[in-house]
Amino acid sequence: MRLSRYFLPVLKEIPSEAQIVSHRLMLRAGMIKQQAAGIYSWLPMGFKVLRRLEQIVHEEQLRAGHLPMLMPTIQSADLWRESNRYEAYGPEMLRMRDRHDRDLLYGPTNEEMITDIFRAHVSTYKELPLTLYHIQWKFRDEIRPRFGVMRGREFFMKDGYNFDLSKEDALHAYNRHFVSYLRTYERLGLQAIPMRADSGPIGGEDTHEFLVLAETGESKVHYDSKVTEIRLGEREINYDDVDQCKSILEEFTALYARTEETHSEAEFTHIPVERRRSARGIEVGQIFYFGTKYSEPMRAVVQNAEGQTVPVHMGSHGIGVSRLAAAVIEASHDEAGIIWPEAVTPFHCGIVNLKQGDKTTDAACETLYEKITQCGLEPLYDDRVERAGAKFATIDLIGLPWRITVGPRGLKNSVVELTSRRTGKSEECPPEMIPDKLTKIYKRTDDHPSA
RNA sequence: CGGGGCGUAGCGCAGUCUGGUAGCGCACCUGUUUUGGGAACAGGGGGUCGGGAGUUCGAAUCUCUCCGCCCCGACCA
């Protein structure tokens, strides 16, 4: 993409409504524009990041064997009356009425709807286990939306639902999600710590939240500092392996890590003093096992091998995709702006032409642009007629992980500069070598399952 | 919902107390000179002062009312 043809309304000054760093940077980098309290437009570059996050979440769900689908944003109130949540959900639910006076709502979550789909089409245990998910906009009419897309009223969420014959099967689904979530966050370059949490209005027995540590996080958390040393890493995972999934869950939950709601001071004091940590975190996901809470009232039942009709065991699982954009920025930025992890960056590199209009530098940039594009990578070429400082400031602000600086000074020696946004370190090399270097860098994060 | 604050050009703000018909910086347009970390100069375009009602010869400014947004608190991906 050529910057001169792109729509990237960057701001030099910080809009006054933004309090936290991710919100400020998303506004300054021209990623989002507020349309109402807690409701945002995603401008081209923000949208690009959102789609990359969505893509990675999809890939990891597919890898775990979960099936993508799409449910509508608007739901009928009748379904919610069946589960008795229409009244129980309270004013957080945005209710509306159509021209025939039918009660509708903008879905805050989809347990009822997925259960409706399940009961309409599944009647035998032979179709189990089944896990369906979608990535769709939700609306929760928060009392006080804030912090940009971190706590929007409208937000983009992956929500999945598993249906199993027995509690044991459903707990495996729980563990499987646990592992797939860990993998998802690690791919995004985020450290998200699983913590035992409170089940809230979704209800249920077992639940873990995944939290990214950040000063601006809204949740208070308490943990043993050793949990931050555990990584999933490159290990092979077989999502059908019940024991493996269980042992990974046990490995990650053996050490103390709780949100404020489930915190126990008594247990906390068993941790050696130097390892006790109380901090704040951003909740980027949560998984639940809730048994037959919805399947019983909504009659989502199957016949088992003995011919008995039994309610299915269910769980639900969510990742806040739009919130992830803010969480990544909270976890990865500096004074100059955003620092995108390679996995989610909107463009793979920026090409900065220091002397736009100069035949030699223009030609060098064009060639680089073409060659890099041919490698399947997407460069953002700053071809504006601007001074070097302005171009550097823009490219730093929007946070592309790699910058290629092309100027007459370097070209005299047949070199361009490759600079890491994260470390600030530069190396000079002939432009012909750049595509290969970038390809190697991105090979590490280019991790698509065949699905 | 309780408490606090704000609404003036795309963004950041002054002007409001003490009424006299709107200004500054950035951004934008034109030109000249510049050009390896947000250039300088000159010229220029852009505003129903959140909406409505009232007071007044006259309202961004005073009064009433509605709307929107932000911050602190209880709830949540």
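A note on names: the letters A, B, ... follow the listed sequences, proteins ahead of strands, and every chain is numbered from 1. All figures in this text were calculated on a predicted structure; none of them were measured in a lab.
Rounding to whole angstrom units, CD of residue A:Gln34 and P of B:G68 are separated by 13 Å. Counting to the nearest Å, the C1' atom of B:G73 and the CZ atom of A:Arg146 are 8 Å from each other. A straight line from CD of A:Gln286 to P of B:C75 spans 15 Å, rounded to a whole angstrom. Put simply, CD1 on A:Ile39 is 8 Å from P on B:C69, counting in whole angstrom units. Rounded to whole Å, atom P of B:C70 lies 13 Å from atom CD1 of A:Ile20. In this structure, NE2 of A:His23 is placed 13 Å from P of B:C11, rounded to the nearest angstrom. Following rounding to the nearest Å, A:Asn353 (CG) and B:U35 (P) show an atom-to-atom distance of 16 Å. Between A:Arg153 atom CZ and B:G68 atom C1' there is a gap of 12 Å when expressed in whole angstrom units.
Checking B:G36, B:G38, B:C11 against the side-chain heavy atoms of A:Leu354 singles out B:G36 as nearest. When each of B:A77, B:U35, B:C69 is scored by its nearest atom to the side-chain atoms of A:Glu142, the top-ranked nucleotide is B:A77. Candidate nucleotides B:G12, B:C70, B:G38 were compared by shortest atom distance to the side chain of A:Gln19, and B:C70 ranks first. Considering only the side chain of A:Ala390, B:G38 comes nearest among B:G36, B:G12, B:G38. When distances are taken from the side chain of A:Ser322 to each of B:A77, B:C11, B:C75, the shortest belongs to B:A77. When each of B:C69, B:G12, B:A77 is scored by its nearest atom to the side-chain atoms of A:Phe155, the top-ranked nucleotide is B:A77. Nearest to the side chain of A:Phe147, among B:C1, B:A77, B:C71, sits B:C71. When each of B:G36, B:G12, B:C75 is scored by its nearest atom to the side-chain atoms of A:Ala388, the top-ranked nucleotide is B:G36.
No hydrogens or angles were tested; on distance alone, nothing pairs the side chain of A:Glu386 with the base of B:G38 as donor and acceptor under 3.5 Å. Contact annotation: side chain of A:Arg28 to base of B:G38, donor-acceptor pair present below 3.5 Å.
Across all strands, A:Val284 comes closer than 4.0 Å only to sugar-phosphate atoms, never to a base (heavy-atom distances). Within 4.0 Å of A:Ala18, counting heavy atoms only, lies no atom of the nucleic acid at all. The residue A:Asp159 sits apart from the nucleic acid: no heavy atom pair falls under 4.0 Å. As judged by a 4.0 angstrom heavy-atom cut-off over every strand, A:Ile14 is placed among residues touching the sugar-phosphate backbone only. The residue A:Gly410 sits close to a base: some heavy atom pair falls under 4.0 Å. Among the atoms of the strands shown, none is found under 4.0 Å from any heavy atom of A:Gly357. If you check every strand for non-hydrogen atoms under 4.0 Å, A:Gly318 touches nothing.
B:U61 makes up no base pair with any nucleotide shown, lacking Watson-Crick or G-U wobble contacts both under 3.5 Å. In this structure B:C69 sits in a base pair with B:G5, meeting the Watson-Crick or G-U test at under 3.5 Å. When both distances must be under 3.5 Å, the Watson-Crick or G-U wobble mate of B:U16 does not exist. Nucleotide B:U35: unpaired (no Watson-Crick or G-U wobble partner with both distances less than 3.5 Å). Both distances falling under 3.5 Å, in either a Watson-Crick or a G-U wobble arrangement, occur for no nucleotide opposite B:U48. Here B:G43 sits opposite B:C29 as a Watson-Crick or G-U wobble pair (both hydrogen-bonding atom distances under 3.5 Å).
Annotation: B:C41 and B:U35 have their C1' atoms spaced 16 Å apart (nearest Å). If you take atom C1' in B:A27 and the same atom in B:G73, they sit 38 Å apart, rounded to whole Å. B:G4 and B:A40 have their C1' atoms separated by 44 Å, given to the nearest Å. Taking atom P on both nucleotides, B:G10 is separated from B:C72 by 28 Å, rounded to a whole Å. For the C1' atom pair drawn from B:C6 and B:A42, the interatomic distance equals 37 Å after rounding to whole Å. B:A9 and B:G3: their P atoms are spaced 30 Å apart (whole Å). Rounded to a whole angstrom, the distance from the C1' atom of B:G47 to that of B:G12 is 16 Å. A distance of about 15 Å separates the C1' atoms of B:A60 and B:U18, rounded to the whole Å.
The cationic atom of A:Arg2 (NZ for Lys, CZ for Arg) does not lie both less than 6.0 Å from the six-membered ring centre of A:Tyr381 and within 45° of the ring axis. Remark: A:Lys48 is positioned above the aromatic ring of A:Phe347, its terminal NZ or CZ atom under 6.0 angstrom from the ring centre and at most 45 degrees off the axis.
Checked against a 6.0 Å centroid threshold, the rings of A:Phe163 and A:Phe118 count as neighbours. Ring centroids of A:Phe178 and A:Phe210 are separated by less than 6.0 Å, placing the two rings close together. Taking the six-membered ring for Trp and the full ring otherwise, A:His58 and A:Tyr133 have centroids separated by under 6.0 Å. A:Tyr294 and A:Phe290 have their aromatic ring centers within a separation under 6.0 angstrom.
Applying the 4.0 Å criterion to OP1 and OP2 of B:C71, one finds that A:Arg144 has a side-chain N or O inside that range. OP1 or OP2 of B:C11 has not a single side-chain nitrogen or oxygen of A:Lys12 nearer than 4.0 Å. One finds a side-chain N or O of A:Ser16 lying less than 4.0 angstrom from the OP1 or OP2 phosphate oxygen of B:C13. The side chain of A:Arg409 contributes no N or O atom lying less than 4.0 Å from OP1 or OP2 of B:G36.
Mapping A:Val406 and A:Pro15 onto RNA chain B by nearest heavy atom places A:Pro15 at the nucleotide closer to the 5' end. Taking for each of A:Gly38 and A:Ser219 the nucleotide of RNA chain B with the nearest heavy atom, the 5'-most of the two is the partner of A:Gly38.
Salt bridge annotation for A:Glu267-A:Arg258: present, with a cationic side-chain nitrogen under 4.0 angstrom from a carboxylate oxygen.
Residue-nucleotide stacking is not present for A:Phe392 and B:G36, judged by a side-chain ring centre under 5.5 Å from the six-membered base ring centre and planes under 30° apart.
The line from CD of A:Gln61 to NZ of A:Lys158 is 3.5 Å long, rounded to the nearest 0.5 Å.
With hydrogens and angles left out, the side-chain atoms of A:Asn353 and A:Asp362 include a donor and acceptor closer than 3.5 Å.
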